[in-house]
Structure formats: C-alpha cells, structure tokens
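Here is the structure we will look at, set down as structure tokens.
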Amino acid sequence: MKAVANKLPLDIETIRLDFPILKRKVNGYPLVYLDNAATSQTPQQVIDVIVDYYSNYNANIHRGVHSLSQEATDKYESARKKIQQHFNVANSHEIIFTSGTTHSINLVANGFAQELEKGDEVIVSALEHHSNIVPWQMLCEKTGAILKVIPMTQEGELDMEAFHKLLSAKTKMVFVNHVSNALGTVNPIEEIIEATHKVGAAILVDGAQAAPHIKADLQALDVDFYVVSAHKICGPTGVGMLYGKEKWLNKLPPYQGGGEMIATVSFEKTTYAELPHKFEAGTPNICGGIAFGAAIDYMNAIGFKNIAAYEHQLLEYATKELLEIEGVKIYGTSKEKTAVISFNIEGLHPYDIGTIVDKLGIALRTGHHCAQPIMDFYKIPGTVRASFSFYNTFEEVDLFIGAIKKAKMMLQ
Amino acid sequence: MTIQEIQEEIVDEFSMFDDWMQRYEYMIELGKSLPLIEEKYKVEENLIKGCQSKVWVHADLNGDKLAFSADSDAIITKGIVAILIRAYSNQHPTAILEADNKFIDEIGLKEHLSPTRANGLVSMIKQLKMYAIAYQTQLD
C-alpha cells in the first residue's frame, strides 16, 4: 500500500476473515476479487444460515401444520420483515420474493401490458442493463407503446434536460437504474421519480447495483417499484425482491399461476391469494429468502455509511493509480459514482487485458457488461471493469495496478 | 506435413516454455504472424459468433486443399487463431474434418476450450470444420 493517510472507517482485516473464498489462490496467486458488480462474495454468517436451514428445519412453507413447516415459515417471513425494514417499506406484503432483479422486472413488465395502449410512451435510460431494456421492448411490441430513451453524456451521466423534455401526458412508465452496472454512475433518481409522478406516470428503479453501496429509503423516495438481487449484497444467487406500492401490486395481474398464489380453485373460477402470495406461485427459494435476510443483517452490522466511505477511498486510490498508466481511459467519470472503474488502454483489447490479469489471480470483468448501448455510445467493443467491495484492500488495488502494467507490457 | 504432424510440432514448441507467461508471449508473437484476411472478407458473414473479441475467418480452395486466412481485434485471440490455422490450413477438407483438438490441451491452452471463456475457440474450430464440410461437398 503506497499511501493512505486517512483513517480507515472499517477493520478490513477482520472483515476479510468472514469470507472463506478470499483465502483461496487462483492460478497460483492469491485471489484478488474485483468483480463485485457481477456478484459479491458470501460471508460465513450467511453460509451458516444456509447450512442451518438444510440441516435443521428444511420444510415447505405456508402449507404444513407440522412444526418444521411452521419454523421455516416463521424464518422466511421474518426475512421479509428484515428486508422491509432495511428499505423502509410501509408494509411487509409490499415485498415480493423473486428469483432476482431480472425476474422482478419481467413480473412488472408483464403486468403493465394491461395498462398500456397503442401510442403510449415508456421511457428507459441509455445507461440500462439489458435486463432493464429487453422486457420493456417486448412490452412495447406487445402493446404498441413507444419506447423512448434518455440519452447519456460523455461523462456517463443521464442528460436530465433531455429527460424532462421526453416526459409528457403520453408517458405511462419510466425505467431507470439507481446505479449503472457498466459505469457505476449514481443516477439522480429523486429528481427522476418526482418528475415522472408529475406527469402521472409510474416508475420502476432497478436497484441491483445500488443495493451493495446505498441504503435506499423507499418511502422517502416515493418510488413505485424497486428491484434488487440478493447475490449483489453478500446473499445467495437465485433470490431477490420486488418492492411495489400496495396499490400497484393489487392492480397488476399475477405473473405465474400455481400453488401458493391462489385463494380458491375450481375449474370455473380461481380467486387469487392476497399480497404478497399472489406473486409467489409455487415453492419459493425458501433457504435463499432466509439467507437474503441474513445478508441484510450482515451488511447493516458493518454499516452502509462505513461501506460507502471506505469504498470511496478505494475508488479514489485505484482511479489515481490507474490514470498514471499511460494510455488509460476511464469511462464514466460522473461525480456521483460507486466503486466501479470501467476502462480501456489505448491500442489494447479489453479481452486481452482480462485474460492476462486472470493469470495473475485478478478477477475482473471484460466485455460489454450486458450494456451494449453504452459501448455503442463510446464506440468501443467493451471495457475492462474493476468493481470494489468493502472487503477489498489497498494492497489488492496495488496488485491490480501491477497486473495491469504487466499485461500492458506483454501485449504491446 | 499432416495435421497431426503439425500439431505435434506445435506441442513441441510449447513444451520449451516453463510458465504461462512465456506461452502467452509466444502466442502473442504467433498472433502477429497470422495470415491476414483481406479487408473485403472482413464482413458480417465471416464473423464468428460467440467471441468476446471479433474474429473473421475466410477459406479459399487451392486445388483440393483449403487455405484459411483470419483476423481478430484481440491479440491473444489472434494467437489462438494463428495456432489453429497453422494446424488446419493447406489440408484436404476430409483431413480437417477427421482431426482432433487434443493438442490445444497439451500446449496448456485448455482453459480456452471452456465455453465460459467466451473467446470462441470452440466456435472457431467449428467454423473451420464447417468450411471443410462445405468444400468437401464441392470436391465430391
């Protein structure tokens, strides 16, 4: 570590002991995991909850009268309450367990088919992940609605002036991410939500990339829908949440039919269950839901203010060191960004850089990051992306910088 | 030389290296010696799908043998293509179709055979064999 005079807000060495995977080697080198925007690592506290579930109280929920089923149901519902409190949501039945962000978005897109008519307009941003573009394109094809795009600037920010001009009485829905996965830009969602509501439209905010860094107060934001994946915040894969305002969730039709989501079934007529069960057909990812709650507890014990402060130090240090390498160009230079650096080195292909640094134990992401429109905007095939978490260290930043220099030397 | 003899030659060359870095440096060198595809063939239909980097491959029939030329925007990918082309170029389509790819593993590039690498080595081999099938029919 070269120079970090600032007092660290977190005891990183102790925190790292919580993550068994951080002890392993890759290609003979200690793992330096800088692909946190793709998925975060899992602390022992969450792994223990998963093991405990399958070892001690694995049972189907909301159905059985037996004790195990009751125990599993209690834990699952208590996880829902933890998530509710974390995001400051008014009612726990406004939290729907899903398989993740993509599932959550598709659930809403499917439901909105009945809300849209030909000629209505829906707005997405140029900074979206494919999962927040494709479902809306499909929705527009189905309904004849028109998809409008909020353009982005060279700095990787949304062009807010253009956004305000796009809004009109025709606008029915707006979809925007809280934080861009490819660039790390934090979008001004307060302003976007307020302006959207002024024209009477609904808004969904994709919080997948924000959740690991920012504790969002959903009542204060007054957002209609907010979606998150557990695996980005130290939880397991295959589980996430959809927050929806009660009035919207009551209005939207169920997404999938099956067990759990019904009140009564006959061949003539089925009536649907109350929220949240209306949207939770079939046996859910019970263990995943409970572990999602444990992950929220873990993150809160560390504290989001501490996490944000520390990650910001990592980001500043890594940015400064990286820019000292000749030919480095960073994409996404917004003032408000999370600990993500998307970059290229002049004359080198991101894939080549990623391949070489992987050999040195450094896990980065290369490619278009499921955000091809952003790459098209910059006219590049992709970028190398380093994304930091609170368990990364300044020493790891040094190893990362060293690996990039080595790759550059080999490839030029 | 047969494909197998060329493959053995490549395996021999790579066995001189002690570590991955020397292997990659050599591969980068090989990439620079790749028989470059003519610009006019750098078109959508010659682009191999499934690569993070762009790879174009073109085939010409020379008598009863297939000659490949290629290019890529990534240098390591270019090296891999160069190795493949050295093994398969100027061979009869039947020989190309019958060849196996064990040598990729033997020269320590096994990780590039994994579909998760998304560098399309598997797609490249498939494409070379597709050309072989197409021209084999023509020769028959």
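Each chain gets a letter, A, B and so on, in the order its sequence line appears, and its residues count up from 1. Keep in mind that what you see is a predicted model, and the values were worked out from it rather than measured.
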Item checked: Ile75(B), part contacting chain A, at a heavy-atom distance under 4.5 Å ->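 It is both, since atoms from each part get that close.
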Report, as yes or no, whether the 6.0 Å neighbourhood of atom [atom1] on [X] holds more than 12 heavy atoms from other residues, nucleotides or ligands.
{"X": "Gln4(B)", "atom1": "CD", "value": "no"}
{"X": "Glu346(A)", "atom1": "CD", "value": "no"}
{"X": "Glu326(A)", "atom1": "CD", "value": "no"}
{"X": "Met138(A)", "atom1": "CE", "value": "no"}
{"X": "Lys129(B)", "atom1": "NZ", "value": "yes"}

[atom2] on [Y] to [atom1] on [X], rounded to 0.5 Å:
{"X": "Lys54(B)", "Y": "His349(A)", "atom1": "NZ", "atom2": "NE2", "value": "8.5 Å"}
{"X": "Asp352(A)", "Y": "Asp73(B)", "atom1": "CG", "atom2": "CG", "value": "8.5 Å"}
{"X": "Met410(A)", "Y": "Met21(B)", "atom1": "CE", "atom2": "CE", "value": "5.5 Å"}

Closest non-hydrogen atoms of Ile356(A) and Trp20(B), given as atom of the first, atom of the second and distance, are O-CH2, 4.0 Å
Check whether Ile353(A) gets within reach of chain B through its side chain, its backbone, both or neither, counting any heavy atom under 4.5 Å.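 No part of Ile353(A) comes within 4.5 Å of chain B.
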